[in-house]
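Please read all numbers here as calculations on a predicted model, not as lab measurements.
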Amino acid sequence: MVEDEALLAMDIEAMLEDAGHRVVAEAASLYDVEQLGRDLKLDLALVDIQLAEGTSGLDVCRLIRERWSDAFIVFVTANPKKIPDDFCEAHGVIPKPFSRSGLMAAMNYIVEGVCDPPPTSPQPASFIAAPAFAASW
């Protein structure tokens, strides 16, 4: 998870772990992500757009694509309009603010879309699929 607001990062981590997921790394900036070991097993990255130290989630997305090409990337941001039309090859966005139930609905939909595509559940309002990702179903 790449989020520079510490309290929000802790809340998201708790929600994910309560749902049975495991957070393997946290970062607040591009520089933190650069320090992560390449041997890290990264399945899903939740990435904010505006990060600490003036860095961008768009640059983090590019780095993740380079180092962990199989990772599923979802932006989590209050600024979804800052995401380019191609989503920087990310898979979607969870707009802030979101509720616990909204995050869980988005995660369930994402898991369906990744593990057993296409998802059988209707797309929740708390998740916007990237056009390329949605077209792959």
Side-chain angles (χ1 to χ4, degrees):
M1 174 177 22
V2 187
E3 170 62 61
D4 63 332
E5 294 181 40
L7 291 177
L8 180 57
M10 288 175 18
D11 284 346
I12 293 171
E13 181 176 352
M15 286 186 255
L16 294 173
E17 289 181 346
D18 286 349
H21 302 284
R22 187 169 67 97
V23 176
V24 296
E26 290 182 36
S29 72
L30 172 64
Y31 307 121
D32 294 339
V33 177
E34 290 173 336
Q35 299 303 312
L36 296 174
R38 291 178 184 263
D39 59 340
L40 181 70
K41 176 69 172 119
L42 185 62
D43 296 319
L44 169 67
L46 299 178
V47 181
D48 192 4
I49 293 290
Q50 293 179 280
L51 298 170
E53 301 183 58
T55 62
S56 167
L58 301 176
D59 293 328
V60 167
C61 183
R62 289 181 192 100
L63 179 62
I64 291 170
R65 281 275 140 256
E66 178 185 310
R67 288 191 183 174
W68 302 281
S69 59
D70 293 336
F72 193 87
I73 302 169
V74 176
F75 291 114
V76 180
T77 182
N79 301 302
K81 292 184 185 212
K82 291 190 175 189
I83 300 170
D85 291 340
D86 69 355
F87 272 65
C88 284
E89 297 184 45
H91 297 88
V93 61
I94 299 172
K96 292 178 188 175
F98 53 83
S99 64
R100 179 184 184 83
S101 63
L103 179 63
M104 292 301 95
M107 288 300 298
N108 290 335
Y109 186 78
I110 291 164
V111 168
E112 284 182 14
V114 172
C115 297
D116 191 20
T120 55
S121 302
Q123 183 171 316
S126 57
F127 177 72
I128 302 165
F133 180 58
S136 72
W137 295 325

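The CG atom of Leu8 sits 5.0 Å away from the CZ atom of Phe98 when rounded to the nearest 0.5 Å. The line from CD of Glu26 to CG of Leu36 is 10.5 Å long, rounded to the nearest 0.5 Å. A distance of 6.0 Å separates CH2 of Trp68 from CG of Leu63, quoted to the nearest 0.5 Å.
Contact detail for Ile94 and Ala106: the closest heavy-atom pair is CD1-CB, 3.8 Å. Ala27 approaches Asp32 most closely through the heavy-atom pair CB-CB, 3.5 Å. Residue Val111 comes nearest to His21 through the heavy atom pair CG2-CE1, 3.9 Å, listed as atom of the first residue, atom of the second, then distance.
In this structure, the side chains of Ile73 and Phe87 stay at 4.5 Å or more apart for every pair of heavy atoms. Between Val23 and Glu17, the closest side-chain pair of non-hydrogen atoms falls below 4.5 Å. Using a 4.5 Å cut-off on side-chain heavy atoms (C-beta onward), Leu16 and Met107 make contact. The shortest side-chain heavy-atom distance between Ile12 and Met1 falls under the 4.5 Å cut-off. Within the 4.5 Å cutoff, the side chain of Val60 has no heavy atoms near those of the Thr55 side chain. Contact check for Cys61 versus Phe75: side-chain heavy atoms found under the 4.5 Å cut-off.
Sorted by first and then second residue, the salt bridge (charged side-chain N to carboxylate O under 4.0 Å, His left out) pairs involving residues 87-103 (not counting sequence neighbours) are Glu3-Lys96, Asp18-Arg100, Asp48-Lys96. Residue pairs satisfying the salt bridge (charged side-chain N to carboxylate O under 4.0 Å, His left out) criterion with at least one member in residues 62-72, sequence neighbours excluded, are listed as follows: Asp59-Arg62.
Under the 3.5 Å distance criterion, the side-chain polar atoms of Asp116 are left unmatched by any main-chain donor or acceptor of Glu112.
Met15 and Val76 fall within the same hydrophobic cluster, where Ile, Leu, Val, Met, Phe, Trp and Tyr residues are linked whenever their side-chain heavy atoms come under 4.5 Å apart, directly or through other members. Placement of Phe127 and Leu44 within a single hydrophobic cluster is found when ILVMFWY residues are connected by side-chain heavy-atom separations under 4.5 Å, directly or transitively. Cluster membership check: Leu58 shares its hydrophobic cluster with Leu42, using side-chain heavy-atom separations under 4.5 Å among Ile, Leu, Val, Met, Phe, Trp and Tyr. Hydrophobic clustering keeps Leu30 apart from Leu46 (ILVMFWY residues linked when any side-chain heavy atoms are closer than 4.5 Å, directly or through intermediates). Ile64 and Leu51 fall within a single hydrophobic cluster, where Ile, Leu, Val, Met, Phe, Trp and Tyr side chains are chained together by heavy-atom contacts under 4.5 Å.
A 6.0 Å sphere centred on CG of Asp86 holds more than 12 heavy atoms belonging to other residues, nucleotides or ligands.
With Tyr109 as reference, Pro124 is the one residue of Pro122, Ser126, Pro124 to meet the side chain to side chain contact (heavy atoms under 4.5 Å, CB included) rule.
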